[in-house]
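Take a look at the structure below.
Atoms within each ligand, like the ligands themselves, are counted from 1 in listed order.
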Amino acid sequence: MPAITLTTLQSLKQKGEKIVMLTCYDATFAAAANAAGIEMLLIGDSLGMVLQGHDSTLPVSVGDIAYHTASVKRGNQDALIVADLPFMANASLEQTLLNSAELMRAGAHMVKVEGAGWLAEPIRQLADRGIPTCVHLGLTPQTVNVLGGYKVQGRSEAQARQLRADAIALEQAGAAMLLLECVPSDLAAEISQSVSIPVIGIGAGSGTDGQVLVLHDMLGLSLTGRTPKFVKNFMAGQPSIVEALRAYTQAVKAVTFPAPEHEFSA
Ligand code: KIV
Ligand code: NA
(Lines give C-alpha, C1' and ligand atoms only; values in the text may rest on other atoms or scores of the structure.)
(Ligands and ions follow the chains in the order given, each with its own letter.)
Protein backbone atom coordinates (compact mmCIF):
# COMPACT_ATOMS: atom_id res chain seq x y z
CA MET A 1 0.00 0.00 0.00
CA PRO A 2 1.25 3.57 -0.68
CA ALA A 3 2.31 5.61 2.37
CA ILE A 4 -0.77 6.86 4.19
CA THR A 5 -0.88 10.59 4.93
CA LEU A 6 -3.54 12.95 6.25
CA THR A 7 -4.38 13.71 2.61
CA THR A 8 -5.03 10.00 1.97
CA LEU A 9 -7.38 9.82 4.96
CA GLN A 10 -9.19 12.96 3.88
CA SER A 11 -9.76 11.53 0.40
CA LEU A 12 -10.95 8.20 1.83
CA LYS A 13 -13.57 10.11 3.81
CA GLN A 14 -14.61 12.07 0.72
CA LYS A 15 -14.92 8.86 -1.31
CA GLY A 16 -16.91 7.20 1.46
CA GLU A 17 -14.30 4.44 1.83
CA LYS A 18 -13.85 3.31 5.44
CA ILE A 19 -10.50 3.85 7.20
CA VAL A 20 -8.94 0.87 9.00
CA MET A 21 -7.06 1.49 12.24
CA LEU A 22 -5.72 -0.96 14.82
CA THR A 23 -3.69 -0.64 17.98
CA CYS A 24 -0.12 -1.86 17.69
CA TYR A 25 2.74 -1.90 20.17
CA ASP A 26 5.73 -3.55 18.50
CA ALA A 27 7.69 -3.91 15.26
CA THR A 28 6.60 -7.42 14.28
CA PHE A 29 2.89 -6.66 14.58
CA ALA A 30 3.46 -3.37 12.73
CA ALA A 31 4.88 -5.32 9.78
CA ALA A 32 1.99 -7.81 9.96
CA ALA A 33 -0.55 -4.97 10.02
CA ASN A 34 1.11 -3.40 6.97
CA ALA A 35 0.87 -6.72 5.14
CA ALA A 36 -2.84 -6.82 6.01
CA GLY A 37 -3.54 -3.33 4.66
CA ILE A 38 -4.20 -1.62 8.01
CA GLU A 39 -3.95 2.12 7.27
CA MET A 40 -3.39 3.55 10.75
CA LEU A 41 -1.55 2.11 13.75
CA LEU A 42 -2.38 3.42 17.20
CA ILE A 43 0.07 3.11 20.06
CA GLY A 44 -2.76 3.31 22.55
CA ASP A 45 -2.43 3.75 26.28
CA SER A 46 -4.45 0.52 26.29
CA LEU A 47 -0.94 -0.92 26.48
CA GLY A 48 -1.18 -0.28 30.21
CA MET A 49 -3.87 -2.94 30.33
CA VAL A 50 -3.00 -5.42 27.55
CA LEU A 51 0.82 -5.31 27.85
CA GLN A 52 1.45 -4.20 31.43
CA GLY A 53 -1.54 -5.84 33.13
CA HIS A 54 -2.83 -2.76 34.94
CA ASP A 55 -6.58 -2.47 35.60
CA SER A 56 -6.79 0.96 33.94
CA THR A 57 -4.75 3.16 31.57
CA LEU A 58 -3.81 5.65 34.30
CA PRO A 59 -0.33 4.25 35.18
CA VAL A 60 1.01 4.64 31.61
CA SER A 61 3.83 7.18 31.12
CA VAL A 62 4.93 9.23 28.11
CA GLY A 63 8.12 7.16 28.15
CA ASP A 64 6.09 3.95 27.82
CA ILE A 65 4.21 5.28 24.79
CA ALA A 66 7.42 6.65 23.24
CA TYR A 67 9.18 3.28 23.67
CA HIS A 68 6.39 1.38 21.91
CA THR A 69 6.00 4.07 19.24
CA ALA A 70 9.69 3.75 18.37
CA SER A 71 9.27 -0.04 18.19
CA VAL A 72 6.24 0.22 15.90
CA LYS A 73 8.04 2.72 13.68
CA ARG A 74 10.86 0.23 13.03
CA GLY A 75 8.45 -2.41 11.72
CA ASN A 76 6.18 0.01 9.86
CA GLN A 77 6.41 0.91 6.19
CA ASP A 78 3.30 2.71 5.05
CA ALA A 79 0.76 3.07 7.85
CA LEU A 80 0.13 6.40 9.57
CA ILE A 81 1.31 6.14 13.19
CA VAL A 82 -0.78 7.71 15.96
CA ALA A 83 0.47 7.81 19.56
CA ASP A 84 -1.66 8.39 22.66
CA LEU A 85 -0.87 11.19 25.05
CA PRO A 86 -1.27 9.31 28.35
CA PHE A 87 -3.01 10.38 31.57
CA MET A 88 -1.89 13.83 32.80
CA ALA A 89 0.69 14.24 30.03
CA ASN A 90 -1.41 17.32 29.19
CA ALA A 91 -1.47 18.70 32.74
CA SER A 92 -0.37 22.09 31.39
CA LEU A 93 -0.21 23.59 27.92
CA GLU A 94 3.58 23.47 27.97
CA GLN A 95 3.60 19.81 29.00
CA THR A 96 1.10 19.03 26.25
CA LEU A 97 3.40 20.56 23.65
CA LEU A 98 6.64 19.01 24.95
CA ASN A 99 5.18 15.54 25.55
CA SER A 100 3.57 15.55 22.09
CA ALA A 101 6.94 16.51 20.63
CA GLU A 102 8.55 13.53 22.38
CA LEU A 103 6.00 11.18 20.77
CA MET A 104 6.55 12.74 17.34
CA ARG A 105 10.32 12.32 17.73
CA ALA A 106 9.74 8.66 18.62
CA GLY A 107 8.00 8.15 15.29
CA ALA A 108 4.38 9.26 15.56
CA HIS A 109 2.76 11.15 12.68
CA MET A 110 -0.14 12.27 14.86
CA VAL A 111 -0.92 12.49 18.57
CA LYS A 112 -4.23 11.42 20.10
CA VAL A 113 -5.52 13.16 23.18
CA GLU A 114 -8.57 12.35 25.30
CA GLY A 115 -10.97 15.09 26.26
CA ALA A 116 -13.66 17.36 24.91
CA GLY A 117 -14.24 20.91 23.66
CA TRP A 118 -11.88 22.39 26.28
CA LEU A 119 -8.99 20.97 24.23
CA ALA A 120 -9.52 23.58 21.48
CA GLU A 121 -6.62 25.79 22.59
CA PRO A 122 -3.97 23.05 22.95
CA ILE A 123 -5.14 21.52 19.65
CA ARG A 124 -4.68 24.88 17.92
CA GLN A 125 -1.21 25.34 19.42
CA LEU A 126 -0.13 21.82 18.43
CA ALA A 127 -1.40 22.32 14.87
CA ASP A 128 0.47 25.64 14.62
CA ARG A 129 3.68 23.81 15.56
CA GLY A 130 3.23 20.99 13.06
CA ILE A 131 1.63 18.33 15.23
CA PRO A 132 -1.67 16.95 13.90
CA THR A 133 -4.06 15.68 16.55
CA CYS A 134 -6.84 13.18 16.91
CA VAL A 135 -9.25 14.05 19.71
CA HIS A 136 -10.75 11.07 21.57
CA LEU A 137 -14.34 11.88 22.61
CA GLY A 138 -17.20 9.97 24.23
CA LEU A 139 -15.96 7.29 26.62
CA THR A 140 -12.51 8.56 27.60
CA PRO A 141 -10.88 5.79 29.69
CA GLN A 142 -8.43 8.19 31.40
CA THR A 143 -11.44 9.79 33.15
CA VAL A 144 -13.00 6.48 34.21
CA ASN A 145 -12.95 7.62 37.85
CA VAL A 146 -15.03 10.67 37.00
CA LEU A 147 -17.37 8.81 34.65
CA GLY A 148 -18.04 6.12 37.26
CA GLY A 149 -17.07 3.21 35.04
CA TYR A 150 -16.70 2.29 31.36
CA LYS A 151 -20.16 3.39 30.19
CA VAL A 152 -21.74 4.41 26.91
CA GLN A 153 -21.62 8.22 26.52
CA GLY A 154 -24.00 10.59 24.73
CA ARG A 155 -27.24 8.83 25.60
CA SER A 156 -28.91 11.85 27.20
CA GLU A 157 -29.99 14.73 24.98
CA ALA A 158 -27.72 17.12 26.92
CA GLN A 159 -24.69 14.86 26.45
CA ALA A 160 -25.49 14.35 22.77
CA ARG A 161 -25.78 18.10 22.22
CA GLN A 162 -22.43 18.66 23.95
CA LEU A 163 -20.70 16.01 21.83
CA ARG A 164 -22.06 17.49 18.60
CA ALA A 165 -20.88 20.97 19.61
CA ASP A 166 -17.46 19.74 20.77
CA ALA A 167 -16.84 17.93 17.48
CA ILE A 168 -17.48 21.10 15.49
CA ALA A 169 -15.44 23.29 17.85
CA LEU A 170 -12.48 20.89 17.69
CA GLU A 171 -12.55 20.75 13.90
CA GLN A 172 -12.52 24.56 13.88
CA ALA A 173 -9.59 24.56 16.32
CA GLY A 174 -7.60 22.49 13.83
CA ALA A 175 -8.02 18.87 14.94
CA ALA A 176 -7.04 16.50 12.12
CA MET A 177 -9.26 13.65 13.25
CA LEU A 178 -11.80 12.65 15.89
CA LEU A 179 -12.29 9.31 17.61
CA LEU A 180 -15.61 8.38 19.20
CA GLU A 181 -15.64 5.59 21.78
CA CYS A 182 -18.86 3.95 23.03
CA VAL A 183 -21.36 6.40 21.58
CA PRO A 184 -24.82 5.48 20.20
CA SER A 185 -24.54 4.68 16.47
CA ASP A 186 -27.02 7.30 15.25
CA LEU A 187 -25.24 10.08 17.12
CA ALA A 188 -21.81 8.90 15.88
CA ALA A 189 -23.06 8.84 12.27
CA GLU A 190 -24.56 12.30 12.63
CA ILE A 191 -21.31 13.72 14.07
CA SER A 192 -19.27 12.06 11.30
CA GLN A 193 -21.41 13.81 8.69
CA SER A 194 -21.25 17.16 10.47
CA VAL A 195 -17.45 17.55 10.21
CA SER A 196 -15.12 17.34 7.22
CA ILE A 197 -12.27 15.65 9.16
CA PRO A 198 -12.31 11.83 9.46
CA VAL A 199 -14.11 10.35 12.48
CA ILE A 200 -12.94 6.92 13.68
CA GLY A 201 -15.21 4.84 15.88
CA ILE A 202 -14.91 2.09 18.48
CA GLY A 203 -18.24 0.95 19.82
CA ALA A 204 -19.79 3.75 17.75
CA GLY A 205 -21.46 1.77 14.96
CA SER A 206 -20.80 1.57 11.23
CA GLY A 207 -21.67 5.17 10.34
CA THR A 208 -18.27 6.65 11.27
CA ASP A 209 -15.54 7.16 8.66
CA GLY A 210 -13.42 4.32 10.03
CA GLN A 211 -12.93 1.80 12.80
CA VAL A 212 -10.35 0.99 15.43
CA LEU A 213 -10.00 -2.02 17.73
CA VAL A 214 -7.48 -3.11 20.34
CA LEU A 215 -5.19 -5.73 18.76
CA HIS A 216 -5.41 -8.25 21.59
CA ASP A 217 -9.22 -7.99 21.73
CA MET A 218 -9.69 -8.69 18.01
CA LEU A 219 -7.28 -11.64 18.16
CA GLY A 220 -9.49 -13.18 20.85
CA LEU A 221 -7.00 -12.68 23.68
CA SER A 222 -8.33 -11.44 27.01
CA LEU A 223 -6.50 -11.00 30.31
CA THR A 224 -9.66 -10.52 32.35
CA GLY A 225 -12.02 -12.90 30.55
CA ARG A 226 -14.36 -9.99 29.79
CA THR A 227 -14.69 -8.71 26.23
CA PRO A 228 -16.58 -5.51 25.37
CA LYS A 229 -19.75 -5.85 23.28
CA PHE A 230 -18.19 -3.93 20.35
CA VAL A 231 -15.33 -6.43 19.88
CA LYS A 232 -15.30 -9.16 17.27
CA ASN A 233 -12.79 -12.02 17.34
CA PHE A 234 -11.23 -11.96 13.85
CA MET A 235 -8.84 -14.84 14.64
CA ALA A 236 -11.75 -17.29 14.63
CA GLY A 237 -11.45 -19.57 11.61
CA GLN A 238 -8.29 -17.89 10.28
CA PRO A 239 -5.04 -19.82 9.65
CA SER A 240 -2.67 -17.04 10.74
CA ILE A 241 -2.51 -13.69 12.51
CA VAL A 242 -1.86 -11.85 9.22
CA GLU A 243 -5.01 -13.46 7.79
CA ALA A 244 -6.99 -12.41 10.89
CA LEU A 245 -5.78 -8.81 10.45
CA ARG A 246 -6.67 -9.00 6.74
CA ALA A 247 -10.17 -10.26 7.61
CA TYR A 248 -10.57 -7.20 9.85
CA THR A 249 -9.43 -4.85 7.04
CA GLN A 250 -11.86 -6.48 4.61
CA ALA A 251 -14.77 -6.39 7.07
CA VAL A 252 -14.25 -2.68 7.78
CA LYS A 253 -13.92 -1.85 4.07
CA ALA A 254 -17.03 -3.91 3.23
CA VAL A 255 -18.92 -2.35 6.18
CA THR A 256 -19.78 -5.81 7.50
CA PHE A 257 -18.04 -4.86 10.77
CA PRO A 258 -19.33 -3.47 13.05
CA ALA A 259 -22.61 -5.41 12.77
CA PRO A 260 -25.74 -4.48 14.77
CA GLU A 261 -24.69 -6.76 17.66
CA HIS A 262 -21.54 -4.65 18.17
CA GLU A 263 -23.44 -1.35 18.40
CA PHE A 264 -25.05 0.75 21.13
CA SER A 265 -28.42 2.45 20.71
CA ALA A 266 -29.46 5.75 22.27
O1 KIV B 1 -5.67 3.16 23.95
C2 KIV B 1 -6.34 2.68 23.02
O3 KIV B 1 -6.16 1.55 22.56
C4 KIV B 1 -7.39 3.53 22.45
C5 KIV B 1 -8.37 2.88 21.53
C6 KIV B 1 -9.28 2.00 22.30
C7 KIV B 1 -9.12 3.87 20.72
O8 KIV B 1 -7.45 4.70 22.77
NA1 NA C 1 -6.19 5.27 24.53
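Inspection of the T143 and E114 side chains reveals no N or O donor paired with an N or O acceptor under 3.5 Å. Under the 3.5 Å distance criterion, with hydrogens and angles disregarded, no donor-acceptor pair is assigned to the side chains of N90 and N99.
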- prompt: After noting the C-alpha distance and the side-chain angles of L139 and K151, does the key distance pass the side-chain contact (heavy atoms from CB on, under 4.5 Å) rule?
  reply: CA-CA 7 Å; L139 171 52; K151 297 174 187 165; 5.8 Å; no

message: What verdict does the side-chain hydrogen bond (donor to acceptor under 3.5 Å, both in side chains) test give for Q125 and R129, after you've listed the backbone C-alpha separation in whole Å, the side-chain angles of each residue and the deciding distance to 0.1 Å?
response: CA-CA 6 Å; Q125 297 232 9; R129 288 162 176 78; 3.1 Å; yes

message: Show, in sequence, the C-alpha distance, side-chain angles and deciding distance for F29 and I241, and conclude whether the side-chain contact (heavy atoms from CB on, under 4.5 Å) test is met.
response: CA-CA 9 Å; F29 273 96; I241 285 174; 3.8 Å; yes

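Excluding water, every protein N/O/S atom under 3.0 Å from the Na ion (ligand 2) is given here by residue and atom: D45 OD1, D84 OD2.
Counting heavy atoms from C-beta outward, R124 and D128 have side chains that approach closer than 4.5 Å.
One distance of note links OG1 of T5 with CE of M110; it measures 10.0 Å at 0.5 Å rounding.
Sorted by first and then second residue, the ring pair (Phe, Tyr, Trp, His ring centres under 6.0 Å) pairs with a member in residues 39-60 form an empty list; sequence neighbours excluded.
Scored by the salt bridge (charged side-chain N to carboxylate O under 4.0 Å, His left out) test, K18 finds no partners at all (sequence neighbours excluded).
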Inventory of protein N or O atoms under 3.5 Å from ligand 1 N or O:
{"from": "ligand 1", "atom 1": "1 (O)", "to": "D45", "atom 2": "N", "distance (Å)": "3.1"}
{"from": "ligand 1", "atom 1": "1 (O)", "to": "D45", "atom 2": "OD1", "distance (Å)": "3.1"}
{"from": "ligand 1", "atom 1": "1 (O)", "to": "S46", "atom 2": "N", "distance (Å)": "3.0"}
{"from": "ligand 1", "atom 1": "1 (O)", "to": "S46", "atom 2": "OG", "distance (Å)": "3.3"}
{"from": "ligand 1", "atom 1": "1 (O)", "to": "D84", "atom 2": "OD2", "distance (Å)": "3.2"}
{"from": "ligand 1", "atom 1": "3 (O)", "to": "S46", "atom 2": "OG", "distance (Å)": "2.6"}
{"from": "ligand 1", "atom 1": "8 (O)", "to": "K112", "atom 2": "NZ", "distance (Å)": "2.8"}

